[in-house]
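Heads up: the structure comes next, in structure tokens.
Computed from heavy atoms alone, side chains included, the values below leave out hydrogens, waters and symmetry copies.
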Amino acid sequence: MKVVQTSFYKYLFFITFLFLSGCSSTPQESEVEEYSANTSFINDSRDPLEVINRPLWTFTWDYLDKYLAKPASDVYTTYTPPFLRTGLYNMALNLNEPASIINNLLQLKITDAAKSTGRFVLNSTIGLLGFYDPASDFEWSGEQEEFGEVLGTYGVGDGPYLVIPGFGPSSVREEVGDYVDGLYWPLAIIDFWPNVVRLSIIGLEKRAAIRDQEQLIIESEDPYEFVKNAYFQNMRYRLYDGNPPVIIDEAQEAEIDALLEEFE
């Protein structure tokens, strides 16, 4: 039985990192205490694993991204012809459409499920297995739903924030969602190396997409907090399909009202 799970590669990097860490010299208790004392952690209920996530973020951003992900993405986007890049990326995303169909149905988004079905059928046939995107001519949205969003729709929280080495920000809910999405056809029957190619193409394109925003990370006072907050904002944005409800801080509103009354 051929079952290839998207999250497998994330855990592979995670386990590799832990293995390499274990092979290195084990820090003394005093070193751990000194590290904790010299690092100002923000008490964030969303991030109970911050003491672990921060070193993993440093490893990912300062080493894996700097010396591997970014250079690879730059080379790929510079030397790959635009039409080929677009076509390969379309093919990689087209394989996610069946999962998106099911996830839309689970959220009772019948219209979106129909559009995803139309996209998959049209792009897989006339579009030559998704290399071309004729479905866009019908204004059928290319937005895809993940199982993590299904869980969120039914009230499941994000869970603890996670930093996956080599992949960056994530959460327990997203990882569970990726696992389930990887069980849908046709992802579940794709062989190992073709799936590696698919995930590599998606990863390279996603890294290229944040090229213009990386300066914001570099210039932020705390890049770790900046990325974490951006991650949760993006998850909330996606969960509500771009229209998240406005949250009113009643305590803050009361303070403002009291202040205004003083000037009346």
Side-chain angles (χ1 to χ4, degrees), residues 6-7 9-18 20-21 35-80 82 85 89 92-93 142-144 146 148-149 152 157-175 177-178 199-244 247:
T6 301
S7 58
Y9 306 100
K10 296 183 179 181
Y11 292 117
L12 179 62
F13 273 93
F14 182 69
I15 293 171
T16 301
F17 173 73
L18 292 181
L20 293 176
S21 299
Y35 173 79
S36 300
N38 294 333
T39 307
S40 59
F41 292 113
I42 298 175
N43 186 17
D44 189 342
S45 60
R46 303 171 303 177
D47 191 10
L49 302 175
E50 185 171 354
V51 69
I52 299 174
N53 285 331
R54 277 188 180 269
L56 293 179
W57 161 254
T58 299
F59 173 72
T60 297
W61 180 249
D62 291 344
Y63 296 97
L64 287 182
D65 183 80
K66 182 178 180 179
Y67 298 109
L68 180 61
K70 182 180 179 180
S73 178
D74 289 343
V75 170
Y76 177 76
T77 56
T78 300
Y79 294 101
T80 305
R85 269 186 61 196
Y89 190 50
L93 293 182
E143 293 294 327
Q144 297 180 336
E146 301 176 350
E149 295 172 63
D158 290 289
Y161 178 69
L162 301 173
V163 176
I164 309 298
F167 291 86
S170 185
S171 67
V172 170
R173 189 182 72 192
E174 183 178 5
E175 290 305 304
D178 287 347
L199 293 174
S200 297
I201 292 172
I202 293 175
L204 291 170
E205 290 293 349
K206 286 187 174 181
R207 180 58 185 87
I210 65 170
R211 190 177 297 158
D212 295 335
Q213 286 77 40
E214 63 181 294
Q215 194 61 31
L216 295 175
I217 301 176
I218 296 173
E219 295 177 352
S220 63
E221 182 177 349
D222 186 347
Y224 175 84
E225 283 294 320
F226 178 86
V227 171
K228 178 172 66 176
N229 290 330
Y231 169 80
F232 281 113
Q233 288 176 10
N234 182 52
M235 289 297 101
R236 180 176 173 79
Y237 181 87
R238 288 169 52 186
L239 179 61
Y240 290 99
D241 296 326
N243 296 295
I247 299 178

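The two residues Gln213 and Ala209 come nearest to each other via the heavy atoms OE1-O, 3.2 Å. The two atoms that bring Gly168 and Thr60 nearest to each other are N-CG2, 4.2 Å, heavy atoms only. Taking both residues in full, the closest heavy atoms of Ser170 and Tyr161 are given as O-CD1, 3.3 Å, listed atom of the first, atom of the second, then distance. Smallest separation of non-hydrogen atoms from Pro165 and Leu56: CG-CD2, 3.8 Å. Shortest non-hydrogen contact noted between Gly148 and Arg173 is O-NE, 3.3 Å. Nearest heavy atom pair, residue Arg207 against residue Ala69, reads CG-O, 4.1 Å.
By the 4.5 Å heavy-atom criterion applied to side chains, Tyr224 and Val163 are counted as neighbours. For the pair Glu175 and Ile164, the minimum side-chain heavy-atom distance is below 4.5 Å.
Taken from CG in Leu64 to OG1 in Thr58, the straight-line distance is 11.5 Å, to the nearest 0.5 Å. Of the inter-residue distances, the one linking Asn229 atom CG with Arg46 atom CZ reads 5.0 Å to the nearest 0.5 angstrom. In this structure, the separation between CG on Leu204 and OG1 on Thr80 is 8.5 Å, given to the nearest 0.5 Å. With rounding to the nearest 0.5 Å, the separation of CG in Asp62 from CH2 in Trp57 is 8.5 Å. One distance of note links CG of Asp241 with CD of Glu149; it measures 7.0 Å at 0.5 Å rounding. Here the CG-CG distance, from Leu239 to Asp158, works out to 8.0 Å after rounding to the nearest 0.5 Å.
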>> With side chain to side chain contact (heavy atoms under 4.5 Å, CB included) as the criterion, how do Leu162 and Glu174 come out once you've worked through the C-alpha distance, each side chain's angles and the decisive distance to 0.1 Å?
In response: CA-CA 10 Å; Leu162 301 173; Glu174 183 178 5; over 6 Å; no
> Could you walk me through whether Trp61 and Glu214 pass the side chain to side chain contact (heavy atoms under 4.5 Å, CB included) check?
Replying inline: CA-CA 10 Å; Trp61 180 249; Glu214 63 181 294; 4.0 Å; yes
>> Please evaluate residues Thr77 and Arg211 with respect to the criterion side chain to side chain contact (heavy atoms under 4.5 Å, CB included), reporting the C-alpha separation (whole Å), side-chain torsions for both, the decisive distance (0.1 Å), and the verdict.
In response: CA-CA 11 Å; Thr77 56; Arg211 190 177 297 158; 3.0 Å; yes
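Under the side-chain contact (heavy atoms from CB on, under 4.5 Å) criterion, Asn234 pairs with Arg238, not counting sequence neighbours. For Tyr237, the side-chain contact (heavy atoms from CB on, under 4.5 Å) partners are Pro244, not counting sequence neighbours.
Between Arg54 and Asp47 there is no salt bridge, since none of the side-chain N atoms of the basic residue sits less than 4.0 Å from a carboxylate O of the acidic one.
Glu205 places no side-chain N or O within 3.5 Å of a backbone atom of Tyr89 that could act as its donor or acceptor partner.
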